[in-house]
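Only this structure's heavy atoms are used, side chains among them; waters, hydrogens and symmetry mates stay out.
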Amino acid sequence: MSDPRIETEPEAIRPLRDDIRFLGEVLGDTIRDHEGPEVFDLIERVRKEAFRIRREEVDRSAVAEMLRGVDVAVAIPLIRAFSYFVLLANLAEDLQRDRRRAVHIGAGEPPQDSSLAATYRKLDAAALDGRTVADLLADALVAPVITAHPTETRRRTVFDGQARITELMRQRGRFAEGERERAALELDIRRQVLALWRTALIRLARLRIQDEIAVGLRYYELTLFDVIPAINAEVRAALRTRWPGVELLPRPILRPGSWIGGDRDGNPFVTADVVRTAAGQAASVAFERYLRELAELEKVLAQSARLVPVSERVAGLAAAGYPEQETHADEPYRRALHAIRNRLTATAVRALGAAPVHGSDAGAEPYDTPQQALDDLDAVDESMRAAGDGLLADDRLAALRFALETFGFHLQSLDMRQNSEVHEQVVAEILAWAGVHADYASLPEDERVALLAAELRTRRPLLGPHAALSEKTTQELGIVCAAAEVIATFGAEAVPNYVISMCTSVSDMLETALLLKEAGILDPGSPASSPVGIVPLFETIEDLAAGATTLAAALEVPVYRELVASAGLRQEVMLGYSDSNKDGGYLAANWALYRAELELVEVARKTGIKLRLFHGRGGTVGRGGGRSYDAILAQPAGAVRGALRLTEQGEVIAAKYAEPSAAHRNLESLIAGTLESTLLDVEGLGPAAEPSYELMDELAARARAAYAALVHDEPGFVEYFRQSTPVAEVGDLNIGSRPASRKPTSSVSDLRAIPWVMAWSQARVMLPGWYGTGTALEEWVAGDPDRLAVLTDLYRRWPFFRTVLSNLAQVLAKSDLAIAERYAELVEDAALRDRIFGMIRDEHARTIRMHAAVTGNDFLLDDNASLAESIHNRFPYLEPLNQMQVELLRRLRAGDDQELVKRGILLTMNGLATALRNSG
């Protein structure tokens, strides 16, 4: 049933409806003019029927009948039309959100609770001691880590076209109807929509990893280079104002990272050259930006020495600027900045092998560290302030100083990642070649640990220059050696972490240490040290449960404890959301993650280490998605403690960081959540924590059993999944460089989480985001109102439980079991179809019923009005895309392998991913 609340605020949503109507008319006119009236008329008939279905005026079989048997040459423009309808509706929604924020700010209302302004109010009310705050934030870090996980289905060209239309629509809203300026803008919008219509929605070739590197770095020019340093400066100033006399945030709190070019888990295209390329291109972006800003500052800061006194330090710098000529002889700041530009150019040439575009004389002495360059800029800043020119210093010079402090010469930290299984094979081959042990893989765990620990104490390398190794081992060693080169060139922060996928043991961690030693990164001296931290990634339910035990055992190995000590006792642990969900289901995975954090925090307390958690969150709820601020507040007490890293993947990157205001808002929310989780008591359980944990243990066990009964135990489930979803076609979508599976297999366990989640999303089942939860809640309550009251109380008091149910509701709101039943009809075995779809249908209804009972909400999205409105606006456009996808899948599986049929399926996948605003 549709939510009647959507219709209760016509004035508030009128601008949104007007924008959608206008853009729809423009697209419709474009289609009629370029595809002909017959195609346009079919699209209009289907569109009107889809809206009638939303209003529950007709049965949805009406659209299915209209599309059954439609010529594929007509189907393609129809699919493209609804894909663009969705894209333009998304655009209109984004504009509406901007309008609402502007209204709140203009009315003097407080911004969203996830904003830093709201956080500061909470901190002020808490009356915290400054020394306590300084201790908790001594090593503060908030690091969004951009990954190349392929879930962004939009081509960059389409994305850019959408951005141009967004800006034109924003300008259009400033003029009244009938004004000449508005008419001109509307003409330009028509021009841009036509350009989009003439642009292919899907790629013909798979993205190369070099393309992914370039795309990831593009966000720095779009937003991050300006926004991140500005937020760092604002947060530092705000905290130091509140606690004067205490040094807070000695380093910038926001420091971004990347996996693109360093993550080779399942990606054979990551090589040593790719690592060098990723690091070099990132550094090039940084150097080009610094040098461009310096060139601009030379023009702006032209104060005359006849009018302005300068410090001795600046006078010394000025003497090195333009040393061979009298140019700008009485403009010391200009000359000093030119001297800094000379040295930065020399630094870039040494690091990159060529001068960036805005470089100057490369004959100067290069800087050895970013801090040396920052010291020179600080000298200029101090001199200007001493002369009363602080207003000038607070502009571009301040921005450049904050940027250099934040990004250094490396721009972003590149993580290395590989699967523990690969490490084992590589180490076994190295040890056999070196004559240390002929069959390392056969050793029990304790003997492995002893052997590896002994090797980590020796300075001798295991391999010489003429070692004859397999191609795989040679490639792996080459990659780690390339990381060593990057560190030597750009500094330790360029490659600070090595993540071990599927880490299950201490030997997995020590194998990585051995590879770092062989590359010359890890120094086995006494004590041993390494600039690269070893980061175990616990992914499955079992690995999460054993994670704290594994970490504690590793810290008992003296050489490993020394490595952690060399990093200031900082130990990072990564938590995997995707595989744990695929392994145990939504509720069990979320609780396994929470339990793992509780136990890791306790290990950190007992061993005296500083724990930093790295959250491997995807865009969808089934892969850890949801609102970041809420997710941070839902962490256990002590799990954040000033430090947070999390992955940003696929379509989420564009949604959060492609536009300055969105980037600012999303990055602020990460810091807000981190500060509140670190400095305030946000868990909300108090002395009742342990009974609540035990209750969740039981719920999670019940949910996992229900999930396993379907996904792991039900005969024919894999066949049902493959026939009732487009999972086989996901790999053809060309949305990333990585293969869809880690290895050739028909097993769900070996399928990557992205196609697993994406396939269920396309079929509108959304199974990874809810299945098993309804059974767990219903079985535990067992009709007892007192037990139900316990859950309702937990929902109100405990951010974790509230966030879990809120995210579940978002997924359920995007599901549609009537559409899913159409996909189920693709399953050839009727008995299999009826049995498994019946299980899914029953659990879906049960989960919605139990969500309402626990939360007291009449509608799934009572706590998320904006998403409710979004679904109301966009979902009529999904109906034809889903129906057309089912129709084309039926034809393909019946033997119609025309290229247009395959292309049509891929186009529907693109359109649905855009409409759902997540894809994997």
Side-chain angles (χ1 to χ4, degrees), residues 143-156 159 203 205-225 228 255-286 407-408 410-419 475 479-480 482-483 485-487 489-490 493-499 501 532 535 537 574 576 578 614-619 623 645-658 663 734-740 752-754 919-920:
V145 180
I146 294 176
T147 81
H149 285 30
T151 63
E152 172 58 90
T153 57
R154 283 178 300 175
R155 290 179 61 210
R156 184 55 43 192
F159 178 85
R203 304 176 183 93
R206 181 174 291 277
L207 276 175
R208 302 174 306 147
I209 196 163
Q210 291 83 357
D211 301 322
E212 292 172 335
I213 291 169
V215 168
L217 291 174
R218 188 170 179 273
Y219 289 98
Y220 285 89
E221 278 302 313
L222 287 173
T223 63
L224 299 182
F225 220 113
I228 289 179
R255 303 196 298 275
S258 175
W259 273 13
I260 309 177
D263 174 17
R264 59 197 190 279
D265 179 15
N267 191 340
F269 304 111
V270 175
T271 64
D273 284 341
V274 166
V275 171
R276 296 186 189 98
T277 297
Q281 289 189 2
S284 180
V285 168
F407 302 118
H410 63 288
L411 184 70
Q412 59 185 7
S413 295
L414 180 68
D415 285 0
M416 309 298 291
R417 184 172 80 129
Q418 182 54 286
N419 195 287
Q475 178 175 324
I479 289 171
V480 184
E485 295 173 24
V486 170
I487 292 168
T489 302
F490 302 112
E493 288 195 47
V495 186
N497 304 296
Y498 194 126
V499 180
S501 298
V532 175
V535 182
L537 167 51
M574 186 171 183
S578 302
F614 182 11
H615 301 268
R617 305 176 74 230
R623 296 183 54 243
R645 295 216 305 150
L646 75 166
T647 54
E648 301 282 30
Q649 304 180 15
E651 76 285 344
V652 169
I653 302 171
K656 289 185 175 181
Y657 303 122
N734 294 325
I735 57 176
S737 65
R738 284 159 40 120
R752 287 198 176 278
I754 289 168
S919 47

Close side-chain approach of Leu411 to Phe490, heavy-atom, < 4.5 Å: no
Shortest non-hydrogen contact from Ala272 to Ala482? O-CB, 3.6 Å
Pairwise distance CD1(Ile146) to CG(Leu224) - rounded to 0.5 angstrom: 5.5 Å
How many angstroms lie between CG in Asp211 and CD1 in Ile260, if you round to the nearest 0.5 Å? 11.0 Å
Closest non-hydrogen atoms of His410 and Glu493, given as atom of the first, atom of the second and distance, are CD2-O, 3.6 Å
Describe, in one word, how the ring planes of Trp259 and Phe614 are oriented to each other, choosing from parallel (under 30°), tilted (30 to 60°) and perpendicular (over 60°). perpendicular
Taking side chain as C-beta onward, heavy atoms only, is Val285 less than 4.5 Å from Phe407? no
Please examine the side chains of Val486 and Leu414, heavy atoms only from C-beta on, and report whether any two atoms are closer than 4.5 Å. no
With side chains defined as the heavy atoms from C-beta onward, is the minimum distance between Gln475 and Ile479 less than 4.5 Å? yes
Taken to the nearest 0.5 Å, the spacing of Asp263 CG from Glu212 CD works out to 10.0 Å
Which atom of Phe225 lies closest to which atom of Ala286, heavy atoms considered: CE1-CA, 3.9 Å
Could you tell me which non-hydrogen atom of Gly266 sits nearest to which non-hydrogen atom of Pro268, and how far apart they are? O-CD, 3.5 Å
To the nearest 0.5 Å, atom OH of Tyr219 lies from atom CD of Glu648 at 11.0 Å
Nearest heavy atoms of Val535 and Met574, plus distance in Å: CG1-N, 3.7 Å
Counting distance only, does the side-chain N/O of Thr647 pair as donor-acceptor with the main-chain N or O of Val145 below 3.5 Å? no
Taking atom CD1 of Ile213 and atom OG1 of Thr277, what is their separation to the nearest 0.5 Å? 6.0 Å
CZ/Arg417 to CG/Asn267 distance, rounded to the nearest 0.5 angstrom? 10.0 Å
Counterpart residues, side-chain contact (heavy atoms from CB on, under 4.5 Å), relative to Leu646 (two or more places apart): His615, Arg617, Ser628, Leu644, Leu670
On a heavy-atom basis, the closest approach of Ala278 and Gly261 is CB-CA, 4.1 Å
Would you mind reporting whether Val480 and Met416 have side-chain heavy atoms less than 4.5 Å apart? no
Is there a side-chain contact between Gln418 and Val270, using heavy atoms and a 4.5 Å cut-off? no
Results of side-chain contact (heavy atoms from CB on, under 4.5 Å) for Gln210 - residues two or more places apart only: Arg208, Val274
